[in-house]
Structures are given as C-alpha cells and as structure tokens.
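The next block holds one structure in the form of structure tokens; read it before the comments.
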Amino acid sequence: MSDILKKIGDTLTDAGKTVGEKTKQVGSVAKINAKIISCEHSISENYSILGKYYYDTYKDNPDDEIAETVNAVTASIETIAELKSELLAIKGLIKCQKCGSECPFEDTFCGKCGAELEKPEPVEEEVEESEEIGEAAEDEVPNIVVVDGDSSDESTAE
C-alpha cells in the first residue's frame with residue numbers, strides 16, 4: 001500500500017513541477033510578447049515622426065517615388081482646413097490669424113490678443129440643398145496612397 005501511495009506522491013510532485021515550469025514559461029512568453037508589442041509601437045511612432053519630418057522638409061520638392069503620397073497628404077491637410085472653417089462658420093465663430101483663438105463672427109478684434117479679425121468673403125453655396133453633406137465631403141477627400149517599402153508585418157499609410 002505504501003508503494004502505491006509513494007507512486008501517487010511522486011506523480012503529484014512531477015505534475016506540480018510540470019505545472020510550475022509551464023507557468024514560468026507562460027509568464028516569460030507574456031513578458032517577451034509585451035516587450036515585442038512595445039517595440040513595435042515605438043517603431044510605428046518613429047515611422048510617423050520620420051514621415052512628418054520628411055513631409056515638412058520636402059513637401060515642396062518630394063522625390064518622384066513618393067510625390068503622389070506627399071500630394072495626397074497636402075490635399076488632406078487642405079481639406080481638413082476647409083472643413084474646420086466650415087465648422088467655425090456653422091458655430092458663428094472666426095479664427096484669429098494671430099493667436100488662433102476662436103472668436104464670435106460679430107467681433108472686430110480678437111478677445112484674447114486684440115488683433116484685428118480678418119473676415120472671410122461670403123462664398124456662394126455650390127452644393128444643392130437636397131444633397132447631403134456626407135456625399136459632398138466624400139468627393140473632396142483624397143485617396144490614401146501606399147508606397148511600396150520594406151514593412152515586414154505592418155502596412156503603413158499614415
């Protein structure tokens with residue numbers, strides 16, 4: 001009987017050791033995966049910084065290989081600026097050209113910095129009243145252009 005109990009005890013001990021080793025292994029794998037994810041996030045952030053630097057530096061004279069992407073970014077920036085102006089107009093606000101604060105359209109001077117506010121010329125509405133804003137804005141948003149490059153497991157378009 002003691003032989004059976006010894007075998008059961010040995011089996012339980014071995015099983016406990018195996019479970020302990022597997023638990024350590026799972027913990028190690030989780031730590032390594034977390035470090036990998038952190039490094040991938042860092043790479044993504046740095047790609048974004050590099051892309052913005054390149055755009056800011058070479059937007060007026062980009063390499064031929066990437067000119068289409070640079071132009072798409074420029075078009076998107078211009079579209080966003082127009083849409084933000086439309087939002088301000090809907091809210092009855094105007095943006096100060098000097099400090100950037102939002103002021104009521106009726107004001108002549110900025111309430112924050114005192115600069116004279118430049119009033120935009122009224123623009124006639126080209127879009128028919130029945131056309132939805134979403135459809136009009138959709139036509140104005142440029143396509144994103146993806147440039148072939150060395151990206152092992154991430155696709156870049158930002």
Working to the nearest 0.5 angstrom, can you tell me the gap between Tyr47 OH and Ser42 OG? 11.0 Å
Apply the test salt bridge (charged side-chain N to carboxylate O under 4.0 Å, His left out) to residues Lys7 and Asp3: give CA-CA distance (whole Å), side-chain angles for both, the deciding distance (0.1 Å), then the verdict. CA-CA 6 Å; Lys7 285 183 181 179; Asp3 229 11; 5.3 Å; no
Within-4.5 Å side-chain heavy-atom neighbours: Ile94 and Glu102: no
Nearest-0.5 Å distance that lies between atom CD1 in Ile80 and atom CG in Leu87: 11.5 Å
Are the side chains of Ile36 and Glu40 in contact, using a 4.5 Å heavy-atom criterion? yes
Determine, stepwise, if the pair Lys84 / Leu88 fulfils side chain to side chain contact (heavy atoms under 4.5 Å, CB included). CA-CA 6 Å; Lys84 284 183 176 181; Leu88 287 175; 5.7 Å; no
Applying a strict under-4.5 Å side-chain criterion to I, L, V, M, F, W and Y, I'd like to know whether Leu12 and Ile4 cluster together. yes
Any idea which heavy atoms bring Lys119 and Asp107 closest together, and the distance? NZ-O, 2.8 Å
One should read off an interatomic distance between Ile8 CD1 and Thr13 OG1, to the nearest 0.5 angstrom, of 11.5 Å
Output the distance between atom CD (Glu106) and atom CG (Leu93), rounded to the nearest 0.5 Å. 8.5 Å
One should read off an interatomic distance between Glu86 CD and Lys91 NZ, to the nearest 0.5 angstrom, of 13.0 Å
Taking every non-hydrogen atom, the tightest pair across Cys103 and Gly111: SG-N, 4.0 Å
pair Ser101-Cys113: side-chain heavy atoms closer than 4.5 Å: no
Please step through side chain to side chain contact (heavy atoms under 4.5 Å, CB included) for the pair Tyr54 and Ile66, ending with a clear verdict. CA-CA 10 Å; Tyr54 180 89; Ile66 199 161; 3.5 Å; yes
Using 0.5 Å steps for rounding, measure from the CD1 atom of Ile77 to the OH atom of Tyr55. 3.5 Å
Would you say Ser38's side chain and Ala34's backbone share a donor-acceptor pair under 3.5 angstrom? no
